[in-house]
Amino acid sequence: MSVRVRFAPSPTGYLHIGSARTALFNYLYARNTGGKFLLRIEDTDLARSTEESTESILEGLEWLGFAPDEEIVFQSNNAEKHRAVAKRLLAEGKAYRDFTPKVAPTDLNIKDAIKDRARAGQGEKNIRDNEYRDLPVAESEARATSGEPFAIRLKVLESGKTAFEDEVYGLQERDYAETEDLVLLRSDGHPLYNLAVICDDIEMKITHVIRGQDHLTNTHKQILIYEALGVEPPTFAHLPLIMAPNKGKLSKRKHGEVVSMTTYRDAGFLAEAFRNFLALLGWSAGEEQEIYTLDDLITKFSLAGIHRSNAVFNFTENDPRRWTDDKAQWMNAEYIRTLPLDALLPHVRVELKSAKLWREEYDDDDRAWFEKTIDLIRQRFFTLKDFSSQGRAYFSEDYDFDPTAVAKNLARFPELREWLPMLADRFETEFADAAREQGLNLRFTEENIETVVKKFTEERATKLGVVMNGSRTLLTGTAVGPSMLSVFETLGLERSILRLRSGLAWNL
RNA sequence: GUCCGGUUCGUCUAGGGGUUAGGACACCGCCCUUUCACGGCGGCAACACGGGUUCAAAUCCCGUACCGGAUACCA
């Protein structure tokens, strides 16, 4: 039977980094086994589900490149089927009506309330102790027809245990005594999570359920339902969780944007880099390799390579340099400078377009220049954003000067105020005039530029670095960048002369 | 509370009876150099603790501690 897996987020917020990794592992497993990757939106919590969330999750998945192989399933569309299944179990005596009035939510926070209740009931209450559990069928029917509200609960056996072989955590067992008679259908007719998931997984013919370790106890409950239904459960693989730097829960509310997928897209991350990073959080191929193409990941992925311990997603709040995991940042920079140029170019184009720095010629007459320039400047970049910020001077005359760069490379050498325009004159005579008047063809190349600049500095008995660094700041606005010789060549003779003569930076 | 997991450098991890406990990121130093990076070389840095088993334990077993998850008419 061919593999079918699903990613099943509930749309109560944007695509979380943990969910993204779950999606990734499902995707990799599907591709590795030649199976299908499906998407199901679990939008049954009417109070919390929003359309914006669904959109945001879809955006995140699209960015990561995980397109579902079949149409997206919206769980809320199946509520009627879920109800029918609950009623079937009721008719078969595998579930019962619970007429206990619904308890109003406390003013405590919900998690604390649950914990309190669990602790309080400890040792006193038998979890099977429900007066309606063995209510005679006739009476149950009568009360129901009289309009009395009821929830439908699964009738869990008194003794025995659920067991399954988890592909990651191994044999998992749980005594029935640990599992309450879980509610299948709410008294308002609303089907609950565990029921809905199973019905949909069965209908979607899911063979492998790969999801977070926080679902481990749900799995035992779900197996109970599978058994009641007489359906063979799928294979389960639970994933370790991704934790915050303090090893606590990584939450949207507490940690904000750093856990959202769209943040990374908007910050200029490459999806291939982020995927690579995510894959290594809780999984490894057991080798000393860090960089994996998607194809590599697909071939090497296996459930056996998934860890059992949680991984920390490391970042430092209030430190702009460490706003997200160091390794993720390194990985992105690594991809920026090593990705085949053809693969990088489309991303750069998008970035330049959104910064209004794009020109059609880059795709046409100036294509060779453009590619060479990108290849030159990408060596020092960390994100796609850098192409439009730090790299701005390569694409526009309207660029900013970094004050510290000006202080360091220009202000400290007042003589440069005269020298740099003089260097422009020299360029003109050596490259432009010479070529025009004498028919010489001295090209504005690194090698020739070096000869000219060296001679120029020797005449002034100054260090090469002074002129080079001053030029860099004047021509690009920064103190950092590629070799100044390649900057000159890349900018070209005309722009170099123009900028060397401009007094812009001096007026800061 | 109870049940279920987990624990190798700061972080991600390799290793699963005999290793100088390996790699990556981060950090530090040196080299390269017109700047800053990149790159190269080197350094710092870990088997939670206590008992067993064994000639030999980071590795197997038991316990403790700590961390995490779950414990809803949420998903």
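First the proteins, then the strands, lettered A, B, ... as listed; each starts at 1.
- Heavy-atom nearest nucleotides on RNA chain B were determined for A/Met468 and for A/Leu241, and the one closer to the 5' end corresponds to A/Met468.
- Look at A/Lys102 and you won't find any side-chain N or O under 4.0 angstrom from OP1 or OP2 of B/rA72.
- A/Arg472 comes within 4.0 angstrom of a base, heavy atoms only.
- Heavy atoms of A/Ser284 sit under 4.0 angstrom from primed sugar atoms or phosphate atoms, though from no base atom.
- An OP1 or OP2 oxygen of B/rC74 is reached within less than 4.0 angstrom by a side-chain nitrogen or oxygen of A/Arg186.
- Base pairing of B/rA37: no nucleotide in any strand meets the Watson-Crick or G-U wobble criterion (both distances under 3.5 Å).
- The phosphate of B/rA72 has neither OP1 nor OP2 within less than 4.0 Å of any side-chain N or O from A/His190.
- Taking atom CZ of A/Arg174 as the reference point, atom C1' of B/rU2 lies 9 Å away to the nearest angstrom.
- In this structure a side-chain-to-backbone donor-acceptor pair under 3.5 Å is present from A/Thr476 to A/Arg472.
- Note on A/Ser483: a base of the nucleic acid sits closer than 4.0 angstrom, heavy atoms only.
- Pairing of B/rG1, defined by two Watson-Crick or G-U wobble distances under 3.5 Å, is identified with B/rU71.
- The gap from the P atom of B/rC9 to that of B/rC41 amounts to 26 Å, rounded to the nearest Å.
- Electrostatic pairing of A/Glu418 and A/Arg460 does not count as a salt bridge here, judged by no charged N lying under 4.0 Å from a carboxylate O.
- A/Met331 comes within 4.0 angstrom of nothing in the nucleic acid, heavy atoms only.
- As judged by a 4.0 angstrom heavy-atom cut-off over every strand, A/Ala311 is placed among residues touching the sugar-phosphate backbone only.
- Minimum atom distance to the side chain of A/Ser309 is reached by B/rG6, of the listed B/rU71, B/rG6, B/rA75.
- One finds a salt bridge joining A/Arg128 and A/Asp181 here, because a Lys/Arg side-chain nitrogen approaches an Asp/Glu carboxylate oxygen to under 4.0 Å.
- The pairing partner recorded for B/rG16 is none, the criterion being a Watson-Crick or G-U wobble arrangement whose two distances lie under 3.5 angstrom.
- Judged by a 6.0 Å distance limit and a 45° cone about the ring axis, A/Arg97 is positioned over the six-membered ring of A/Phe150.
- Taking the six-membered ring for Trp and the full ring otherwise, the centers of A/Phe381 and A/Phe387 sit less than 6.0 Å from each other.
- In a base pair of the Watson-Crick type (N1 to N3 plus N6-O4 or O6-N4) or a G-U wobble (N1-O2 and O6-N3), with each distance short of 3.5 Å, B/rG63 is matched with B/rC49.
- One P atom belongs to B/rA57, the other to B/rU20, and the distance between them is 15 Å to the nearest Å.
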Report task. Sugar-phosphate atoms are those with a prime plus P, OP1 and OP2; base atoms are the rest. Using that split, label each nucleotide of nucleotides 23-28 of chain B B, S or - for protein heavy atoms under 4.0 Å, 5' to 3'. Result -> BBSSS-
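- A straight line from OH of A/Tyr176 to C1' of B/rU71 spans 19 Å, rounded to a whole angstrom.
- Judged purely by atom type and a 3.5 angstrom limit, A/Arg275 uses its side chain to pair as donor or acceptor with the backbone of A/Leu64.
- Comparing B/rU34, B/rG39, B/rC73 by their closest approach to the side chain of A/Glu334 singles out B/rG39.
- The distance from atom CD of A/Gln222 to atom P of B/rA75 is 12 Å, rounded to the nearest whole Å.
- A donor and an acceptor atom, one from each side chain of A/Tyr264 and A/Asn332, are nowhere located under 3.5 Å apart.
- Residue contacts shown for A/Arg48 include a base, since a base heavy atom lies under 4.0 Å away.
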Query raised in the report: Would A/Tyr394 and A/Tyr399 satisfy ring pair (Phe, Tyr, Trp, His ring centres under 6.0 Å), going step by step from the backbone distance to the final call?
Result: CA-CA 9 Å; A/Tyr394 295 87; A/Tyr399 54 93; 9.2 Å; no
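- Ion pairing of A/Lys161 with A/Glu178 is absent here, as no side-chain N (NZ or NE/NH1/NH2) approaches a carboxylate O to less than 4.0 Å.
- For the C1' atoms, the distance from B/rG51 to B/rC12 is 32 Å, rounded to whole Å.
- A/Gly481 comes within 4.0 angstrom of a nucleotide base, judged by non-hydrogen atoms across all strands.
- A/Asn469 has its CG atom 6 Å from the P atom of B/rU35, to the nearest Å.
- Across all strands shown, A/Lys463 has no heavy atoms under 4.0 Å from either base or sugar-phosphate atoms.
- A donor and an acceptor atom, one from each side chain of A/Tyr193 and A/Ser10, are nowhere located under 3.5 Å apart.
- A/Asn26 contributes a side-chain N or O that, together with a main-chain N or O of A/Thr22, makes up a donor-acceptor pair within less than 3.5 Å.
- The distance between atom CZ of A/Arg380 and atom P of B/rG39, rounded to the nearest whole Å, is 11 Å.
- With B/rU34, B/rC73, B/rU71 as the choices, the nucleotide that has an atom nearest any side-chain atom of A/Lys221 turns out to be B/rU71.
- Residue contacts for A/Asn218: at a heavy-atom cut-off of 4.0 Å it reaches a base atom on one of the strands shown.
- A/His215 comes within contact range of at least one nucleobase, with a heavy-atom separation under 4.0 Å.
- For the OP1/OP2 pair of B/rA75 and a distance below 4.0 Å, the side-chain nitrogens and oxygens of A/Thr44 include at least one atom meeting the criterion.
- Residue contacts for A/Thr100: at a heavy-atom cut-off of 4.0 Å it reaches a base atom on one of the strands shown.
- Atom pair A/Gln390:CD and B/rA37:P shows a separation of 11 Å (rounding to whole Å applied).
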**Report entry** Annotated protein contacts, base or backbone, on nucleotides 57-62 of chain B with a non-hydrogen cut-off under 4.0 Å, one of B, S, - each
**Finding:** ------
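- Per the geometry, NE2 belonging to A/His220 stands 19 Å off P belonging to B/rG69, to the nearest Å.
- If you check B/rA58 for Watson-Crick or wobble pairing at under 3.5 angstrom, you find it has no partner at all.
- A/Leu184 comes within 4.0 angstrom of nothing in the nucleic acid, heavy atoms only.
- Distance check on atom C1': B/rU53 versus B/rC62 gives 11 Å, rounded to whole Å.
- Within a heavy-atom distance below 4.0 Å of RNA chain B, no residue of residues 14-23 of chain A is found.
- Taking atom CD1 on A/Ile291 and atom P on B/rG39, their separation rounds to 11 Å, with Å as the unit.
- Across all strands shown, A/Gln172 has heavy atoms under 4.0 Å from sugar-phosphate atoms exclusively, and none from any base.
- Using a 30° and 60° split on the angle between ring planes, A/Phe277 and A/Phe274 fall in the tilted class, from 30° to 60°.
- A distance-only check finds a donor-acceptor pair linking the side chain of A/Asp386 to the backbone of A/Phe382 [under 3.5 Å].
- Close to B/rU13, at under 4.0 Å from its OP1 or OP2, lies a side-chain N or O of A/His307.
- The nucleotide B/rC25 finds its pairing partner in B/rG10, both defining distances of the Watson-Crick or G-U wobble pair being shorter than 3.5 Å.
- In summary, of the residues considered (A/Asp201, A/Asn194, A/Thr217), a side-chain hydrogen bond (donor to acceptor under 3.5 Å, both in side chains) with A/Gln222 occurs for A/Asn194 alone.
- Within the 4.0 angstrom heavy-atom criterion, only backbone atoms of the sugar-phosphate kind lie near A/Gly282; the bases stay farther away.
- When distances run from any side-chain atom of A/Leu280 to the nucleotides B/rG39, B/rU34, B/rC12, the shortest one goes to B/rC12.
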